[in-house]
Amino acid sequence: MGTIGRVTELSPHEAVNVFFRNGADLIDLEDELVDILTTPDRELAVQVPVRLDDDTLLVTRGYRVQHNDARGPYKGGIRYHPSADLEEVRALAALMTWKTAIVDVPFGGAKGGVEIDPTGMSPAEVERMTRRFTAAIRHVLGVYQDIPAPDVNTNAQVMAWLMDEYSRAYGYSPAIVTGKPVQIGGACGREAATGRGLFAVLDEHARRTGLDVGKLRVAIQGFGNVGSHLAIALAGAGARVVAVSDVNGGVHAADGLDVAGLVELARRRRPLAELAGTEEIDNATLLALDCDVLVPAALGGVITSSNADAIGASILLEGANHPTSPEADTVLTKRGVVVIPDVLANAGGVLGSYYEWAMNIQQFRWTEQRFDEELHKGMRLAYTTVADLAAREGVPLRHGAYALGVQRVAEAARLRGYADA
Ligand code: NAD
C-alpha cells in the first residue's frame, strides 16, 4: 500500500512538502524559513541484525529521522513495516512537526522505522530486534531530546522493551517513550487516544456542519489500534460502522456491523470475515463504498488520482498518516468531499502521549476519565482553531491546518534564531 503513491505520484516526502507549501504560502512564509522547515534536522540510518529463532541472522535497516525541534523535543512513533524506508520515515517525521504544532503540544517532530514485516515473527524475535534497534539509535534519544511512541506493527509491549533497553544504558527512564503499558508508567487512555481523538474531531465537525454523528454511516480501512478504537467510539455514539477491513480483507453490512464482535475476532487474531451476517469486501471496494464517512486507518498512499473519483463518502477522516496524495486531495476538494486531514484528525495520539510524558516527568497520574476529558477538549479546540482559520481564508481544512502548524513552528524558529546562522 505504501508503494502505490510512489509508483504513480510524488514520493511521500515530496507530497508532505506540497501540503507544507500550501500552508506556507497562506502565511507568506519567508524563503529562508521554507528551506529550514523542509530540511530534516537529522537522519540516522542504522543496521539492525536480528537473530531468528531458527538461528539464522537477518540483517535489515532502521531509521530515526528528527525533522524539527523548534517547539520542543522530537516526538514520533516507530513502525515496523517493509515500506518503512528512509523516504517514508522522512515524510512521517515532517508530518509530526506540523501535527504537534496544530494540536499545540510542546514537541517537535520525528519518526522511526525498521524495514521489516514482523507479522510472522515470534515475540522473542521482535524483542531482540527492538533491543538492537534501540541500542543503535539510543544516543539520539532522550527524555528532553527525542521520545518515541507506537505506530504500525508496534505496541505497548514493544515500547516496554524500548524503555528497558534505554534504561539499561542510561538509568530508569519511563519518560523516554510513550504508549507504554500502564503498569510501567503508561497513561490510562493513551492506547485508545488516537481513535477517540478521531471521534472527537468528527463529532465537532458534525456539530459545526449540522450533522448528527449518531446517524453517520462510516467505513474504516484498517482495524488495528486506530481503526478499532474509533469503531468502538462510533458504536458507542450510535453511528453505523458499515464496513471495516484489515490486511486480509474486510466485511460489510449496510445496517451496521457488530463492533464488539469484530474487536473480539481481532483480539483472537481471527479473520474479520468470520463475523456472522456480513458480506466480504475487498479494500478497493471499501474505499469506494457509498457512505457518509470514509476513514483510512491503515497505511499511507491509498487514495491517489487513480481512485479519488471513486470515493463514495462525503467526508474523508484521515486516521492513517499521509493516506491521500496531493493530486487526489485536489480531486476530492473539487468534488466537494470534506477532507479532515491526518495532521489534525489523528493528533489525539500525540496529545495523549504528551499527557503521558508530562505525568512521567512529574510522577503523577490522571484517571482515564480525566485523560479522556482533556483529550476531547484538546482535539475540539484544535479542530475549531483550524476550521475557523480555513473558513476565514476560504481554503480547505488541510490548507488551514498546515497554515496553523507552520505559523507556530516558524514563530518558534524565528524566536530561537534558527535562521541566524
Ligand atoms: P496497527 O498496526 O495497530 O494497525 C494497522 C491496521 O492496518 C491493521 O488492522 C492491519 O491489518 C491493517 N492493514 C495493514 N495493511 C493493510 C492493507 N494493505 N489493507 C488494509 N488494511 C491493512 O497500526 P495503527 O497504530 O492502528 O496505525 C494505523 C495508521 O494510523 C498508520 O498510518 C499510523 O501511522 C497512523 N497513526 C497511528 C497512531 C497511533 O497512536 N497508533 C497515531 C497517529 C496516526
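Note that the structure is predicted; figures quoted are calculated from it, not measured. As the structure lists them, so they are numbered: ligands from 1, and atoms in each ligand from 1.
- Residue contact annotation: H81 has no non-hydrogen atom under 4.0 Å from ligand 1.
- Both the backbone and the side chain of N346 come within contact range of ligand 1, each with a heavy atom under 4.0 Å.
- A donor-acceptor contact closer than 3.5 angstrom is absent between the side chains of R79 and T154.
- Taking 4.5 Å as the limit, some side-chain heavy atom of K75 sits within range of a side-chain heavy atom of T178.
- Contacts between R190 and ligand 1, counted as non-hydrogen atom pairs separated by less than 4.0 Å, involve the side chain only.
- Ring geometry for F19 against Y402 counts as tilted: the plane angle lies between 30° and 60°, on a 0 to 90° scale.
- The closest approach between H322 and ligand 1 stays at or above 4.0 Å for every heavy atom of the residue.
- Those atoms of ligand 1 with a heavy atom of N283 less than 4.0 angstrom away are 19 (N), 20 (C).
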Chi angles and distances behind the side chain to side chain contact (heavy atoms under 4.5 Å, CB included) call for V126, Q157:
CA-CA 10 Å; V126 176; Q157 175 61 76; over 6 Å; no
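- Taking a cutoff of 4.0 Å between a charged side-chain nitrogen and a carboxylate oxygen, E411 and R408 do not qualify as a salt bridge.
- Using bins of under 30°, 30° to 60° and over 60° for the plane-to-plane angle, the ring pair H67/W98 lands in the perpendicular bin.
- Which parts of ligand 1 touch N225 is read off a 4.0 Å heavy-atom cut-off, strictly below it: atoms 3 (O), 25 (O), 26 (O), 41 (N).
- By the 3.5 Å distance cut-off applied to N or O atoms, G349 is not counted among the residues near ligand 1.
- The backbone of A297, and not its side chain, has at least one atom closer than 4.0 Å to an atom of ligand 1 (non-hydrogen atoms only; backbone = N, CA, C, O).
- Taking any N or O of F223, backbone or side chain, at least one lies under 3.5 Å from an N or O belonging to ligand 1.
- From T60, atom OG1 reaches atom CZ of F133 across 10.0 Å, with rounding to the nearest 0.5 Å.
- For ligand 1, one of its N or O atoms has an N or O atom of N153 under 3.5 Å away.
- For the 3.5 Å distance criterion, the side chains of S83 and H81 qualify, holding a donor opposite an acceptor.
- The backbone N or O of D53 lies less than 3.5 Å from a partner atom in the side chain of E125, making a donor-acceptor pair.
- Taking only nitrogen or oxygen atoms, main chain and side chain alike, N321 reaches within less than 3.5 Å of ligand 1.
- The nearest non-hydrogen atom to atom 37 (C) of ligand 1, considering only V226, N248, D342, L299, comes from V226.
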Between E43 and R90, does the side chain to side chain contact (heavy atoms under 4.5 Å, CB included) criterion hold? Intermediate values first, please.
CA-CA 8 Å; E43 300 186 338; R90 185 184 286 142; 2.5 Å; yes
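- For atom 15 (N) of ligand 1, the nearest non-hydrogen atom from the set V295, V247, N155 comes from V247.
- An N or O contact shorter than 3.5 Å is missing between G222 and ligand 1 by distance.
- Among L95, V152, T178, the residue whose heavy atom lies closest to atom 23 (O) of ligand 1 is V152.
- Taking only non-hydrogen atoms, the option from G224, A347, S83 nearest to atom 4 (O) of ligand 1 is G224.
- Distances between N or O atoms of R79 and those of ligand 1 include at least one value under 3.5 Å.
- Between N283 atom CG and N248 atom CG the span is 9.5 Å, to the nearest 0.5 Å.
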